[in-house]
Amino acid sequence: MYALITGSSKGIGKDMAFELAQKGFNLLLIARNFDELQASKTEIQQKYKVEIDVLAIDLSDLTAPKKVLAWVESKNYQVSVLINNAGYGLWGMFEKLTFEQQQNMMILNMNTLVELTYLFLPILKKQSKSYILNVASTAAYQSVPGLGVYAATKAFVVSFSRALTFELKKTNVSVTCLSPGTTTTNFTNRAGIKASETLQATADKFTMPSDVVAKFGIDKMFAKKTEVIPGLTNIVTVWATYFLPKSIIESIAANLYIKNLKN
């Protein structure tokens, strides 16, 4: 059986690939950079005797999901795990970022995730047991000034995942949504976040290693959990959004992101 992982050339996606290889899964690694994918493939196969194939493709292209499906079907790969990890954020005031930049992010974070899920469900249903893991963010549980559209896309992922879990509960396919907090990935660089000392100190205080987050997510996926958040601090932070006034939560976020954006 194969596990298909998007955004798997680095960070959480790559660490998830290692976790699954350790469990004996063959891997289909998908990301934009071919060289990084090949490096990941070599690194994993030096440690685990699994089959690995890679596909370098821009998943923000609206035609990408169907191309991924065609690639899988042409090689008759039997996929039993689908991990929708590809995604990124953009830091900045909504009106200052170009619409094209934000549209590209929305396509990748939402459209691609939904279409890949839709296209691969028939394949997943053919297996005895199958799993879908969608990667969201703790930003999904609040609005985040300075990361407004990104947070909204992740809220979509959580909502979609929960609904799909309910719809598929009598099938062989389980759905899990993982919402990490600050993690040791390339997120801040990709988002364009230029951290001040205050922002960096805050991030460092709560950052979790990506391999720890990856193992947590994979373990919870196989345990068929619906919605999971790694780290006690992240759990407390999310629960705070339910009990504190939204204006307070948004002010705290704005103080971190908008203030540092002006600086």
Within-4.5 Å side-chain heavy-atom neighbours: [X] and [Y]:
X: Asn109; Y: Tyr150; result: yes
X: Tyr2; Y: Ser80; result: no
X: Ile5; Y: Val81; result: no
X: Met105; Y: Val149; result: yes
X: Ile123; Y: Tyr77; result: no
X: Ile30; Y: Trp71; result: yes
X: Asn85; Y: Ile12; result: yes
X: Val79; Y: Leu124; result: yes

Nearest 0.5 Å, what's the [atom1]-[atom2] distance between [X] and [Y]?
X: Phe160; Y: Leu113; atom1: CZ; atom2: CG; answer: 6.5 Å
X: Thr226; Y: Lys169; atom1: OG1; atom2: NZ; answer: 10.0 Å
X: Phe99; Y: Asn104; atom1: CZ; atom2: CG; answer: 11.0 Å

Check: Should the heavy atoms of other residues, nucleotides or ligands under 6.0 Å from NZ of Lys220 be counted, would the total exceed 12?
Finding: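 At most 12 heavy atoms, drawn from other residues, nucleotides or ligands, come within 6.0 Å of this atom.
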
Where is the tightest heavy-atom contact between [X] and [Y], given as atom of each residue plus distance?
X: Leu119; Y: Pro122; answer: O-CD, 3.4 Å
X: Leu97; Y: Gln102; answer: O-NE2, 3.4 Å
X: Pro180; Y: Leu178; answer: CD-O, 3.4 Å
X: Leu29; Y: Ser40; answer: CD1-CB, 4.3 Å
X: Ala64; Y: Asp58; answer: CB-O, 3.4 Å

Check: Is it true that the NZ or CZ of Lys23 lies under 6.0 Å from the centre of Phe25's six-membered ring and within 45 degrees of the ring axis?
Finding: no

Item checked: Salt-bridge present (Lys14, Glu43; N to O < 4.0 Å) -> yes

Next item on the list: May I ask you to decide whether Asp219 forms a salt bridge with Lys215, counting only side-chain N to carboxylate O separations under 4.0 Å?
Entry: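 Judged by the 4.0 Å cut-off on N to carboxylate O distance, Asp219 and Lys215 do form a salt bridge.
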
Checklist line | Pairs where residues 122-137 contributes a residue and the test side-chain hydrogen bond (donor to acceptor under 3.5 Å, both in side chains) is met, not counting sequence neighbours | finding: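 Matches after skipping sequence neighbours: Gln78-Gln127, Asn84-Asn134, Asn134-Ser161.
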
Note to self: Checking Asn26 against Tyr48 for the side chain to side chain donor-acceptor pair (under 3.5 Å) test, could you report, in this order, the C-alpha distance in whole Å, the side-chain angles of both residues, the deciding distance, and whether it holds?
What the structure shows: CA-CA 10 Å; Asn26 299 315; Tyr48 302 108; over 6 Å; no

Margin query: Applying side-chain contact (heavy atoms from CB on, under 4.5 Å) to Thr117 and Leu82, what does each step give before you reach the verdict?
Written below: CA-CA 8 Å; Thr117 302; Leu82 172 64; 4.2 Å; yes

Item checked: Ser9/Asn33 under side chain to side chain donor-acceptor pair (under 3.5 Å): CA gap, chis, key distance, verdict -> CA-CA 7 Å; Ser9 63; Asn33 191 300; over 6 Å; no

Note to self: Clusters formed by hydrophobic residues whose side-chain heavy atoms approach within less than 4.5 Å: which one holds Ile107, and what are its other members?
What the structure shows: Leu62

Margin query: Under the criterion side-chain contact (heavy atoms from CB on, under 4.5 Å), I'd like the reasoning laid out for Ile132 against Phe120: C-alpha separation, chi angles, the key distance, then a yes or no.
Written below: CA-CA 10 Å; Ile132 297 172; Phe120 276 90; over 6 Å; no

